[in-house]
Asker: 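Mind looking over this structure? Questions follow.
Residues: numbered from 1 along the sequence shown.
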Amino acid sequence: MMQIYRDNRSAVEGFLLTTISDNPHQDFDNAQVKNFFKRLPCLTDMYLLDASGEQITPTWRKNDHDMSLKGSDRSYFINRIQFDEKGNYISSPYICANSGQPKVSVARKYPDGKIAVFDLDVVAVLSKMHLIDSNRLISKLSVAVYALLGGGLVLLALFLGVYGLIGFAKALMSFGDETLQYVFKSIIGITLAIAIFDLSKTILEQEVFYRSLTPEEGSEYKTLTKFLTSIIIALSIESLMVVFKVAIDDIRNMNYAFYLISGVGILIISMAVLNYVSRKKHEGHE
């Protein structure tokens, strides 16, 4: 998302300055404030400062206002910014301390020295400019489906993690051949839980929270590689457990362990080929 903002920074800043500069007033009444929030749905906060940096109005929000900050000293903000020749300033994107969301601040200095400050949600700004795909019906349907299935994968990962921890607890309370079996099952359950959770996290991040038209180059290869690595580890542990069980019970069934180990080897070779191809493709783009 930040990369999209940087790539389109001039267009985004032009859009914000054009919209905000349409209002020539330096004193805002309730009607003007409502008009600002109506024209800029991505606007989260706005307030007015005097020339010394003291806030002389409440902090206006879409449906209410906060009087507690009126009279507060915001000279620290004024002292570290530099206005352009038209009296405008746009900050770099930052994480809001209160909401934890990415924001950008726009300040406009009027001839009488008063300064209007507008805080905007970066995600909403990019969405309004159609740089993040989030408004179309099919996009909303896709987000809902991915959110449902991604959430299901999270629950499955939690179930496997709990199953692995229960197996570990049983291993601590048992002795003999069962101990080793519980340990192996615990490791497999936790490893699969990590793999599935990592996959679900990637799906939710890329397709639900920040679904953009320009995804990171090669992200699908990284996700698949991490998922395959976890699966290979789990299958390798399972293969080792099968070898031990066959060696103890009936050595004539060792061919089944060989088939499983061969499958793991094929997965390792396939992942190596995938990494080689993705690296060559990345080098070709550079």
Asker: Give a yes/no verdict on a cation-pi contact between Arg74 and Tyr47, requiring under 6.0 Å between NZ or CZ and the six-membered ring centre and an angle within 45° of the axis.
Answerer: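 Cation-pi check for Arg74 and Tyr47: passes.
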Asker: Would you compute the distance between atom CD1 of Ile261 and atom OH of Tyr259 and round it to the nearest 0.5 angstrom?
Answerer: 12.5 Å
Asker: Leu260, Met254: one ILVMFWY side-chain cluster at the under-4.5 Å cut-off?
Answerer: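 Both belong to a single hydrophobic cluster.
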Asker: Find out whether Tyr5 and Pro102 are in side-chain contact, i.e. whether some heavy atom of one side chain is under 4.5 Å from a heavy atom of the other.
Answerer: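 No, their side chains stay 4.5 Å or more apart.
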Asker: Check the pair Val117 / Val106 against side-chain contact (heavy atoms from CB on, under 4.5 Å), numbers first and verdict last.
Answerer: CA-CA 6 Å; Val117 182; Val106 179; over 6 Å; no
Asker: Going by atom types only, do Tyr163 and Ser186 share a side-chain donor-acceptor pair under 3.5 Å?
Answerer: no
Asker: Within a radius of less than 6.0 Å around CZ of Phe15, do more than 12 heavy atoms belonging to other residues, nucleotides or ligands occur?
Answerer: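 It does: Phe15 CZ has more than 12 such atoms within range.
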Asker: Leu49 vs Glu54, test: side-chain contact (heavy atoms from CB on, under 4.5 Å). Steps then yes/no.
Answerer: CA-CA 5 Å; Leu49 308 176; Glu54 180 181 343; over 6 Å; no
Asker: Which heavy-atom pair separates Leu48 from Thr57 by the least distance, and what is that distance?
Answerer: N-OG1, 2.9 Å
Asker: Can you measure from OG1 (Thr59) to CG (Asp64) and round to the nearest 0.5 angstrom?
Answerer: 10.0 Å
Asker: Between Ile190 and Leu160, does the side-chain contact (heavy atoms from CB on, under 4.5 Å) criterion hold? Intermediate values first, please.
Answerer: CA-CA 6 Å; Ile190 294 175; Leu160 287 173; over 6 Å; no
Asker: Can you name the nearest heavy-atom pair linking Gly150 to Ser200, along with the distance?
Answerer: O-CB, 3.6 Å
Asker: Which residues pass the side-chain hydrogen bond (donor to acceptor under 3.5 Å, both in side chains) test with Asp73, not counting sequence neighbours?
Answerer: Ser75
Asker: Using the salt bridge (charged side-chain N to carboxylate O under 4.0 Å, His left out) criterion, which residues pair with Glu13? Sequence neighbours excluded.
Answerer: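 Arg9.
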Asker: With rounding to the nearest 0.5 Å, note down the distance linking CG in Leu156 to CZ in Phe159.
Answerer: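 The CG atom of Leu156 sits 8.0 Å away from the CZ atom of Phe159.
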Asker: How about Val12 and Val122: do any of their side-chain heavy atoms sit closer than 4.5 Å?
Answerer: no
Asker: Apply side-chain contact (heavy atoms from CB on, under 4.5 Å) to Tyr89 and Ile115, showing your working.
Answerer: CA-CA 10 Å; Tyr89 166 80; Ile115 300 170; over 6 Å; no
Asker: As an exercise, state the distance from CE of Met46 to CZ of Arg108, rounded to the nearest 0.5 Å.
Answerer: 11.5 Å
Asker: Flag yes if Val264 and Leu274 sit in one hydrophobic cluster, no otherwise; membership is Ile, Leu, Val, Met, Phe, Trp, Tyr, and two members link when side-chain heavy atoms are under 4.5 Å apart.
Answerer: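 Yes.
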Asker: If you draw a 6.0 Å radius around OH in Tyr76, do more than 12 non-hydrogen atoms from other residues or ligands fall strictly inside?
Answerer: yes
Asker: Are Ile194 and Leu192 grouped together when hydrophobic residues (ILVMFWY) are joined by side-chain heavy atoms under 4.5 angstrom apart?
Answerer: no
Asker: Taking the side chain as every heavy atom from C-beta outward, state whether Asp50 and Gln55 have any atom pair closer than 4.5 Å.
Answerer: no
Asker: Quick one: closest heavy-atom pair of Asp119 and Ser105, and the distance?
Answerer: OD1-OG, 2.7 Å
Asker: Is a side-chain N or O of Asn8 found less than 3.5 angstrom from the main chain of Ala11, in a donor-acceptor match?
Answerer: no
Asker: Quick one: do Tyr256 and Phe258 end up in the same hydrophobic cluster if we chain Ile, Leu, Val, Met, Phe, Trp and Tyr together by side-chain heavy atoms under 4.5 Å apart?
Answerer: yes
Asker: Mind checking side-chain hydrogen bond (donor to acceptor under 3.5 Å, both in side chains) for Lys103 and listing every partner two or more places apart, or none if nothing turns up?
Answerer: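 side-chain hydrogen bond (donor to acceptor under 3.5 Å, both in side chains) list for Lys103, sorted by chain: Thr44, Asp45.
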Asker: Could you pull out the closest heavy-atom pair between Phe37 and Lys62, with the gap in Å?
Answerer: CE2-N, 3.6 Å
Asker: Are Ile81 and Tyr94 connected into the same hydrophobic cluster when the rule is that any two of I, L, V, M, F, W, Y join if their side-chain heavy atoms are below 4.5 Å apart?
Answerer: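 No, Tyr94 and Ile81 fall in different hydrophobic clusters.
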Asker: Determine whether a donor-acceptor pair (N or O, by modelled atom type, separation under 3.5 Å) exists between the side chain of Asp84 and the backbone of Asn88.
Answerer: yes
